[in-house]
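These notes concern the structure reproduced below.
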Amino acid sequence: MCDPRAHDFVWIRDRSALESDDVLPEWVNTGWRTALPLVVRRDKRADGAIPVGIRGLTRIQRAAAWIDPAAVERVVTPESLVSDVNALLHSPFVSQQPVQALITLCSLKLPFPWGVTGSCAFALVSDLPVMHADSDLDLLVRCDTPVDSSLFSDFYDQLQRLPCRADVQITTPQGGFALSEWLRGGDIMLKTASGPLLVRDPWQPPAD
């Protein structure tokens, strides 16, 4: 099984695999079950544990934890959630604007690997109704090698015509950054496993 990356969904068989730096909130004990996915987040620990986020039904129900890589039973990537438009068309959430926007984007045959994250992705993998009428669409585009921002200008224009607001994060081997910020030019805020960094080149490894 490949190493999970930030924004991937992972499942564990046993709740005891969850480790936390702090006491987990009570809703995790009462409302979370192993049939639900965990979301890989950006962080790092010397022993190689995977940083995950536990998500509940409401916006405020978020908790951070760690799991041993050996505990992972299944991985679903953001890209796989948009790989089959028929699955989106038959989703119980097909009437929701973020899913309608995904269906539109699937028809565009975009020239780069992309996927869905956030509440829309969580709803698609869990069947839980966590989206609401004003939900944004969170997208991820993986760019492992440097590209010019002009490649995304047309894509950004297309996003403005979607039925809901769309936020796009570009991910590189160093971390992730907002497409809208990159297109404005200048330094950008790069989210890394060690915390946020202000950088000019998001593909350049940070200096030690």
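The basis for the numbers below is simple: all heavy atoms, side chains too, and nothing from hydrogens, waters or symmetry mates.
Side-chain contact check for Trp203 versus Cys143: some heavy-atom pair is nearer than 4.5 Å. Proximity of Pro92 to Asp127: side-chain heavy atoms (C-beta onward) are separated by under 4.5 Å at one or more points. Considering only heavy atoms from C-beta on, Pro51 stays 4.5 Å or farther from Arg42 through its side chain. You'll find the side chain of Pro37 stays beyond 4.5 Å of the side chain of Arg74, heavy atoms only. Between Pro69 and Asp3, the closest side-chain pair of non-hydrogen atoms is not below 4.5 Å. Between Thr172 and Phe177 the shortest side-chain heavy-atom distance falls below 4.5 Å. At least one side-chain heavy atom of Leu190 sits under 4.5 Å from a side-chain heavy atom of Gln174. Leu18 is listed as a side-chain neighbour of Leu38, based on a closest heavy-atom distance under 4.5 Å.
Among residue pairs with one or both ends in residues 15-34, those qualifying as salt bridge (charged side-chain N to carboxylate O under 4.0 Å, His left out) are Glu19-Arg45; sequence neighbours excluded. Sorted by first and then second residue, the pairs that involve residues 102-128 and meet ring-ring contact (aromatic ring centres under 6.0 Å, His included), not counting sequence neighbours, are Phe112-Phe152, Phe112-Phe155. Here ring-ring contact (aromatic ring centres under 6.0 Å, His included) pairs that include residues 15-69, with residues two or more places apart or in two chains, number zero.
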Mind listing the side-chain donor-acceptor pairs of residues 93-104 below 3.5 Å, one per line with the distance, residues two or more places apart or on another chain?
from	atom 1	to	atom 2	distance (Å)
Gln100	NE2	Val94	O	2.7
Thr104	OG1	Gln100	O	3.3

Expected list for residues 81-90: side-chain donor-acceptor pairs under 3.5 angstrom, two or more places apart:
from	atom 1	to	atom 2	distance (Å)
Ser83	OG	Ser80	O	2.8
Asp84	OD1	Asn86	N	3.0
His90	ND1	Asn86	O	2.8

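Pairing each heavy atom of Gln158 with each of Leu108, the nearest pair is OE1-CD1, 3.6 Å. The two residues Leu124 and Ser91 come nearest to each other via the heavy atoms CD2-OG, 3.6 Å. Taking all atoms of both residues into account, the shortest heavy-atom contact from Leu137 to Cys164 is CB-SG, 3.8 Å. Closest non-hydrogen pair, Leu24 versus Ala64, comes out as CD2-O, 3.9 Å. Considering every non-hydrogen atom in both Ala6 and Leu140, the closest pair reads O-CD1, 4.3 Å. Across every non-hydrogen atom of Gly186 and Arg200, the tightest pair is C-NE, 3.6 Å.
In this model, a donor atom of one side chain and an acceptor atom of the other lie less than 3.5 Å apart for Arg59 and His132.
The CG atom of Asp136 sits 5.5 Å away from atom CG of Asp167, with the distance rounded to the nearest 0.5 Å. A distance of 7.5 Å separates CG in Asp68 from CD1 in Ile50, rounded to the nearest 0.5 Å. Between the CD atom of Gln61 and the CZ atom of Arg55 there is a distance of 10.5 Å, given to the nearest 0.5 Å. Here SG of Cys120 is found 8.5 Å from CG of Asp138. Values are rounded to the nearest 0.5 Å. One distance of note links CG of Asp187 with CG of Leu197; it measures 11.5 Å at 0.5 Å rounding. Distance CG/Leu179 to CG/Leu139: 9.5 Å, rounded to 0.5 Å.
In this structure a side-chain-to-backbone donor-acceptor pair under 3.5 Å is missing from Trp11 to Val75. Between the Arg41 side chain and the Val52 main chain, a donor and an acceptor come within less than 3.5 Å of each other. In this structure, the side chain of Trp182 does not engage the main chain of Pro202 through any donor-acceptor pair within 3.5 Å. Between the side chain of Ser20 and the backbone N or O of Val23 there is no donor-acceptor pair closer than 3.5 Å.
Not counting sequence neighbours, Glu181 has no partner by the salt bridge (Lys or Arg N to Asp or Glu O under 4.0 Å) test.
Atom CG of Leu198 is surrounded by more than 12 heavy atoms from other residues, nucleotides or ligands within 6.0 Å. A 6.0 Å sphere centred on CZ of Arg62 holds more than 12 heavy atoms belonging to other residues, nucleotides or ligands.
Note on Ile12 and Leu128: same hydrophobic cluster, where clusters join Ile, Leu, Val, Met, Phe, Trp and Tyr whose side-chain heavy atoms are under 4.5 Å apart, directly or indirectly.
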*Show your reasoning for whether side-chain contact (heavy atoms from CB on, under 4.5 Å) applies to Leu105 and Leu159.*
CA-CA 9 Å; Leu105 291 173; Leu159 295 177; 4.3 Å; yes
